[in-house]
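Heads up, the thing below is written out as structure tokens.
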Amino acid sequence: MHEQDSSQSGRSCRPNFSLTHSRRAVVHRSGIYLRSSIVHVAFRGPGVAAEFVVDETVGPSCVDVLTDALPVRVDSHHIERRVWFDTHDWRLFRAGLQLEQHLRKRESWLVLSNLDGRRISRQPIGRTAVTPDDLPDGATRELIGVRALLPRVVATGPVQVLSVLGPEEKTVARIVLEGPTTVRDGTPVGMRARVESLRGYDKHAARVCRTLDAIPGFGPAKEPLFESVLRAAGLHPRSFRSKPDLEFTPRIPATQAFAGTLTQLREIVRGNVDGTLRQLDTEFLHDLRVTVRRTRAVLKFAHGTIAEDIRTKYAVELKWLADQTSLSRDLDVYLLGFDDLVSHVNASGELEPFREQLTRHCKRAHAALNRALRSERFAALLDGWQNELAVAGPAERPVIEVADDLLSRAWKRVAKRGDAITDDSPAEAVHDLRKRCKELRYLLEFFGSLYGADARSEAVSELKLLQDILGEFQDAEAQRLSVHENAVELANAGTPAATLIAIGRLEHHLQLRQDAARAEVADRWHRFNRKHNQRLFARMVTSR
Amino acid sequence: MRIVASYSIKGGVGKTTAAANVAWLAAESGHRVLLWDLDPQGGATYLFRVRPKVKGGGEALVSGKRDLHDAVKASDFDNLDLLPSDFSYRNLDLLLDAEKKPTRRLGRLLDGMADEYDVVVLDCAPSVSLVSEGIVRAADLVLAPLVPAPLSVRTLDQLRSFIDAAKGPAPDLLAFLSMVDRRRRLHRDLTEQLPKENDDVAATAIPMASVVEQMGVRRSPVVAWARTSPASVAYRSLWDEARLHAKV
């Protein structure tokens, strides 16, 4: 039972009074189940048997009402501030988890639970903001990855814990009374009673649920407290998108489809500006940059759909924005992968001056980027994007015709460049093929809803295999050139010879990586260009 | 998952109180803890107010007919679960003997709990038996209370020999003086000497205290309700030493 994802909206928390424990199929060593995109968690601490909304009329005398109805003892009564942490892209929520810091007068706890409140772990923690390092190693930390944990919502209110006593005064269930809760920047949430079942005493919890259900003023909660708090704060994690979520019907005007796409892209850029400025984590800049790249691709595809003067104007502005982000992102990537890179040449100590130089450059690059993001030019770009660019013009061709044309042409362009690649082709030819592949990938993403889901996903995964090797080649080349430039700078600054020799080894390693990738390009191309894929792309355009 | 066995050849030396307090302290620091009361007398089970009964008894658990997970009961404390005692544990030797590789059986059973618990504390019955061998084989740390008496050193030697003779990798041993009455000169002397002369004797000694005796009345670990008492302070200090040895 507890392995099931409970993140479906609108789910009722009405008790079913039939609690069972079942166990797992696939278990990660940290005790967290990984199956599809949902992280399922082993039963650990108290489970939630049911949540009840407590009527305002009962609220003040709630403990008395419960004492009359059940053998309970008040274990604690305190004011608690709860801060829910998650990443910007709601990685924990999307994995079916919630991470809370409970702050009381003299203590502070970090609690990891399922979305329905079933507790996975509870550990003491300081009163400062939570970081991923506060979590034990394991699947949850891996899930968070390079993202920062951010306080997403804060709620404060009274919490009373009542133990339901069984034979020999053993606690056999708990009732946690929470609220009324004040939500920062949101509306209040009324009083709740949460019945927690304890392992080995499920029948008792079910009995408590039945009793509460029969008390006037206690009604089943429609959703867990966390979801109510999120709603009260106006947050909607399920609607978060890091890339446009596009659903087109074939006959809608292309102008409308492009306007909708550009509107979504603008929102994603806007959503990543603050995190980029504050450098909360490196993914904000990454998402911002990728979204700008996608937008530039959309503008290119919009030839003949968006007025040419507007298209040209914003192509220039978006190129300017993309250029502003390049250096910072390159250096971010460099520093993120630095330890891994260094491990290949066995010279961590000698390369410290190199890391320090990269860090200095990275700081400068981010400062320059911040100036750009605070500039009037960027503000004007965002304004114009909304008021000028993402506005549907007069309807002409339906989107399906435009998509068919673009896909056919993009496929032909990729095929032409790919066929021309030999083992002796210059790096520029490989780079050009990579750019054409990216265009094709973006087209599949933007217009995917117009084609069969299976064909689209197969096309994307085939294309991805090719893109991976092209990306590896390109990344190794860019890093090698950058290593070289940095070496020159370090040499001019009188850096010890040991460092320069180690950098030489690093450059050599990158050259080997690039050569290995290069050697694989032709093979991957032939794999991609096989008859099956040719038919797949042809079918996508003709089989509707 | 790390396994700490509270074990002694002798009875009535403070194994159960040590197991209960250490388990509570491990749970308090955020670890997910399982306390397995292997003593048919069920002292730890009584302390935590749990019914000393396992469906199918020790036979069902040892043979695998009943999953260990299904026998677990929550304690009244966060992060701390209990695998209760059962009177049939008095025949645990015979039950283990009926299994293949009997000294590895307990360890194998506990392997199945590794996804749920960070620390398992075993409260063992006083004996030298197949069960004890299995416990020593499964444990990462044997936490052994010693009463301060002239025979303590001999008991410690016997324990070392027993651990050394056990099959498989030997667990770490951490003996500690228990039920120390500082009014007695012999107790004071042994408390000073033994840790100095033996690397495997903890610097911490647990005092003889009425609060420890009251655990049986309150039915709760002393560290939970008399946090600043000398006994609680000593158990905290003992756990600090033990978790370093057990690499918790």
Side-chain angles (χ1 to χ4, degrees), chain A residues 2 20-34 40-47 73 75-76 102 107-112 119-125 134-139 161 163-174 176 196-202 204-205, chain B residues 1-2 24-37 42 44-55 66-86 111-120 216-220 224-225 227 236 248:
Chain A
H2 57 269
T20 57
H21 289 303
S22 63
R23 276 188 316 281
R24 66 237 157 239
V26 185
V27 184
H28 188 275
R29 65 186 134 69
S30 66
I32 294 184
Y33 304 124
L34 294 168
H40 298 271
V41 179
F43 173 69
R44 294 250 23 89
R73 177 186 67 213
D75 274 352
S76 63
H102 291 185
E107 53 189 305
S108 170
W109 297 89
L110 187 63
V111 181
L112 180 70
R119 193 181 303 157
I120 299 156
S121 67
R122 180 175 184 260
Q123 64 187 76
I125 191 170
D134 293 317
L135 294 165
D137 285 338
V161 181
S163 284
V164 181
L165 303 175
E168 304 197 39
E169 304 219 321
K170 164 87 182 77
T171 304
V172 291
R174 287 201 186 91
V176 183
E196 292 184 347
S197 66
L198 298 183
R199 188 171 188 162
Y201 299 94
D202 298 334
H204 292 83
Chain B
M1 185 179 77
R2 310 300 290 174
W24 189 93
L25 288 165
E28 191 213 26
S29 58
H31 296 298
R32 304 165 300 171
V33 181
L34 175 69
L35 170 59
W36 190 356
D37 187 355
T45 306
Y46 176 81
L47 279 179
F48 286 97
R49 300 170 189 269
V50 175
R51 193 171 159 231
K53 178 76 189 157
V54 173
K55 257 189 202 167
R66 185 169 169 79
D67 197 323
L68 233 53
H69 293 89
D70 298 336
V72 171
K73 299 277 181 185
S75 77
D76 288 6
F77 304 102
D78 269 329
N79 289 343
L80 177 54
D81 288 347
L82 185 90
L83 201 50
S85 168
D86 188 280
D111 284 347
M113 311 299 277
D115 60 313
E116 290 206 45
Y117 296 99
D118 304 315
V119 179
V120 173
V217 179
R218 295 227 185 191
R219 300 182 72 177
S220 174
W225 51 269
R227 292 180 174 226
R236 253 177 216 286
V248 172

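Naming: A, B, ... by sequence-line order, numbering from 1 per chain. As a basis for the values below, the full set of heavy atoms in this structure was taken, side chains included, without hydrogen atoms, waters or symmetry mates.
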query = Do A:Lys170 and B:Phe48 meet the cation-pi criteria used here (NZ or CZ under 6.0 Å from the six-membered ring centre, within 45° of the axis)?
reply = no

task = Measure the spacing between CD of B:Glu116 and CD1 of A:Ile120 and express it to the nearest 0.5 Å.
result = 12.0 Å

request  = For B:Ala74 and A:Leu198, work out which heavy atoms get closest and say how close.
outcome  = CB-CB, 3.7 Å

ask   = Quick check: does any side chain N or O of A:Arg199 sit under 3.5 Å from a backbone N or O of B:His69, one acting as donor and the other as acceptor?
value = yes

query = What's the spacing between B:Asn79 CG and A:Gln123 CD if we round to 0.5 Å?
reply = 9.0 Å

message = Check B:Arg51 with A:Glu168, please: is the shortest side-chain N to carboxylate O separation under 4.0 Å?
response = no

key: Check: A:Arg174 side chain, B:Asp76 main-chain N or O, donor-acceptor pair, under 3.5 Å   = yes

query = Can you check whether B:Val50 reaches A:Tyr201 side chain to side chain, under 4.5 Å on heavy atoms?
reply = yes

key: Ion pair check, B:Glu28 and A:Arg122, cut-off under 4.0 Å   = no

